[in-house]
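Note sheet for the following structure.
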Amino acid sequence: MGITSSSARRVRRAGTAATAAVLGILAVSAAPAVAAPDGSADKPAAGSADKPAAAGAAEKPSAGSAKKPAEKVPAGSAEKPAAEKPAAGKAAGSAASAGNAGSARSAAGIPLAISRLAQGPGRDVAITIDDGPDPRWTPQVLEVLRKNHVKATFCMIGTKAQKYPELVRSVAADGHRLCNHSVDHDVTMDHKPVAYQKQQILEAKAMIEKAAPGVPVGYYRAPGGAFTPDSRAIAAESGMRPLGWSVDPKDWSRPGLPAMITALEGKLPHQPTVLFHDGGGDRSETVAALKQYLPWLTEQGYHFTFPARTTP
């Protein structure tokens, strides 16, 4: 059968339509690559951006970035939960600067640095008495101080002050100063959470103040000297100067009177703060050492005073 002219026209029209369809498809597929002035050509296809999975993926980078600050916490601070010390980072920084410059102070105006000097302009010495009050030894220590016209600083354990409030009042009545020595003398405090340190410091202060109403507690001495930047900041904010020492005859270990006197009368540092104990065991050697040492200090021209509280 021959091809008529009408059939030929139908074939040509079909071919033209097919060509137009192909050209249209090519034009549509090329459009996204051309229309990308906002840089979206670098992003996943617009269709995939509407999918939940893509939305979740888009949220993950921001969630990850929210965790990055926690990864930049200074070394060492990870040992203490951040929630327990909202100001610990600040306190640690200011305490560190206090150790370098000795000028950092709390809002109460108390230096954060540990005091190891006796206050005064020259040949001055501060006597400090730890671990009491004790019903046997505290009265004997008070008697020796009284006979030598010496005022000292008594670092008291909170539970003992609570048990023997009359001794706290006797110490204060003789003109001595009071110092907080924690609730129960936990020498591992520096390894405990900040909340625990705060409890030990503030509860002990309250116990001592209750035993002797109206008498200020102006110092805090960490058990065993186990200070932390946080404990110093807590004490200073509460009006208590962190208190150390510069002379330690180790009377707590009962080394014998000659050994104690040798340690005490050796080369003394400038404006020394001397450590003794009226609690924690047999303190007969301490009482004997004070009887010899206090007159000797007077002969050497020393003046008895208190530890520096507000000066660096």
Side-chain angles (χ1 to χ4, degrees), residues 84 87 91 106-112 114-115 126-143 145-146 150-190 192-228 230-245 252 273 275-281 283 306-307 309-310:
E84 291 179 348
S106 70
I110 303 297
L112 275 66
I114 299 171
S115 173
I127 302 297
T128 63
I129 315 290
D130 281 22
D131 294 358
D134 181 273
R136 180 176 182 183
W137 303 111
T138 300
Q140 294 186 46
V141 169
L142 285 173
E143 181 63 22
L145 295 173
R146 197 176 298 120
V150 173
K151 304 302 180 187
T153 301
F154 283 74
C155 300
M156 298 184 172
I157 295 172
T159 52
K160 290 188 176 182
Q162 190 176 52
K163 187 174 182 179
Y164 305 111
E166 70 284 355
L167 291 177
V168 181
R169 291 192 289 271
S170 294
V171 168
D174 275 7
H176 305 292
R177 291 191 178 179
L178 303 183
C179 169
N180 176 349
H181 203 30
S182 82
V183 170
D184 53 13
H185 203 272
D186 182 356
V187 296
T188 66
M189 271 181 61
D190 54 333
K192 301 290 180 64
V194 178
Y196 175 83
Q197 296 178 48
K198 186 174 184 178
Q199 173 200 352
Q200 283 279 321
I201 294 168
L202 299 186
E203 287 189 8
K205 182 175 186 284
M207 291 174 178
I208 298 167
E209 289 174 338
K210 184 177 180 180
V215 180
V217 180
Y219 304 89
Y220 166 69
R221 174 173 279 167
F227 286 99
T228 67
D230 295 297
S231 68
R232 286 190 281 150
I234 292 165
E237 288 291 343
S238 301
M240 297 177 289
R241 176 70 184 270
L243 177 59
W245 60 85
W252 55 269
T273 294
L275 173 64
F276 288 103
H277 295 79
D278 64 340
R283 297 296 170 234
F306 299 107
R309 181 170 177 271
T310 58

Exercise. Where do Ala152 and Ile129 come nearest, in terms of heavy atoms and distance?
Worked result: CB-CG1, 4.3 Å
Seminar exercise, completed: Heavy-atom nearest pair, Ala235 first then Tyr220, reads CB-CB, 3.7 Å
Exercise. When rounded to the nearest 0.5 angstrom, what is the spacing between OG1 in Thr228 and CE in Met189?
Worked result: 7.0 Å
Problem set entry | Which residues share a ring-ring contact (aromatic ring centres under 6.0 Å, His included) with Tyr164, sequence neighbours left out | none
Problem set entry | Close side-chain approach of Lys151 to Arg177, heavy-atom, < 4.5 Å | no
For this session: Quick one: pull up NE2 in His181 and CG in Leu243 and give me the separation to the nearest 0.5 Å.
Result: 9.5 Å
Which pairs would a plain distance check flag for residues 204-216, meaning a side-chain donor or acceptor within less than 3.5 Å of a matching protein atom at least two apart in sequence or in another chain?
unit_1 : atom_1 : unit_2 : atom_2 : d
Lys205 : NZ     : Glu209 : OE2    : 2.6

Would you be so kind as to tabulate the donor-acceptor pairs closer than 3.5 Å made by side chains of residues 153-161, with sequence neighbours excluded?
unit_1 : atom_1 : unit_2 : atom_2 : d
Thr159 : OG1    : Val183 : O      : 3.2
Lys160 : NZ     : Asp131 : O      : 3.0

Seminar exercise, completed: Shortest non-hydrogen pair, Pro242 vs Phe227, comes out as CB-CE2, 3.7 Å
Seminar exercise, completed: Taken in chain and number order and not counting sequence neighbours, the residues that satisfy salt bridge (Lys or Arg N to Asp or Glu O under 4.0 Å) with Arg221 are Asp130
Let me have the donor-acceptor pairs involving side chains of residues 135-142, under 3.5 Å, with sequence neighbours excluded, atom names and distances please.
unit_1 : atom_1 : unit_2 : atom_2 : d
Trp137 : NE1    : Gly281 : O      : 3.1
Thr138 : OG1    : Asp134 : N      : 2.7
Thr138 : OG1    : Asp134 : O      : 3.1
Thr138 : OG1    : Asp278 : OD2    : 2.7
Gln140 : NE2    : Arg136 : O      : 3.3

Exercise. Are Gln200 and Asp184 close enough that a side-chain donor and a side-chain acceptor fall under 3.5 Å?
Worked result: yes
Exercise. With sequence neighbours left out, what residues match Arg146 under side-chain hydrogen bond (donor to acceptor under 3.5 Å, both in side chains)?
Worked result: Glu143, Asp174
Problem set entry | Working for side chain to side chain contact (heavy atoms under 4.5 Å, CB included), residues Ser115 and Thr273 | CA-CA 9 Å; Ser115 173; Thr273 294; 5.5 Å; no
Exercise. Within the distance-only criterion (no hydrogens, no angle test), does the side chain of His185 pair as donor or acceptor with the backbone N or O of Pro223 below 3.5 angstrom?
Worked result: no
Problem set entry | Least distance between heavy atoms, Thr310 atom then Pro111 atom | O-CG, 3.5 Å
Exercise. Heavy-atom distance under 4.5 Å between the side chains of Ile201 and Met240, does that happen here?
Worked result: yes
Exercise. At what distance, to the nearest 0.5 angstrom, does CD1 of Ile110 lie from CD of Glu237?
Worked result: 10.0 Å
Seminar exercise, completed: Distance col, row Ile127:CD1 vs Trp245:CH2, nearest 0.5 angstrom, shows 15.0 Å
Seminar exercise, completed: Heavy atoms of Pro133 and Val168 approach each other most closely as CG-CG2, 4.0 Å
Exercise. Say you draw a straight line from NZ of Lys192 to OG of Ser231; how long is it, rounded to the nearest 0.5 Å?
Worked result: 13.0 Å
Seminar exercise, completed: Between Gly224 and Val187 the two heavy atoms that sit nearest each other are N-CG1, 4.2 Å
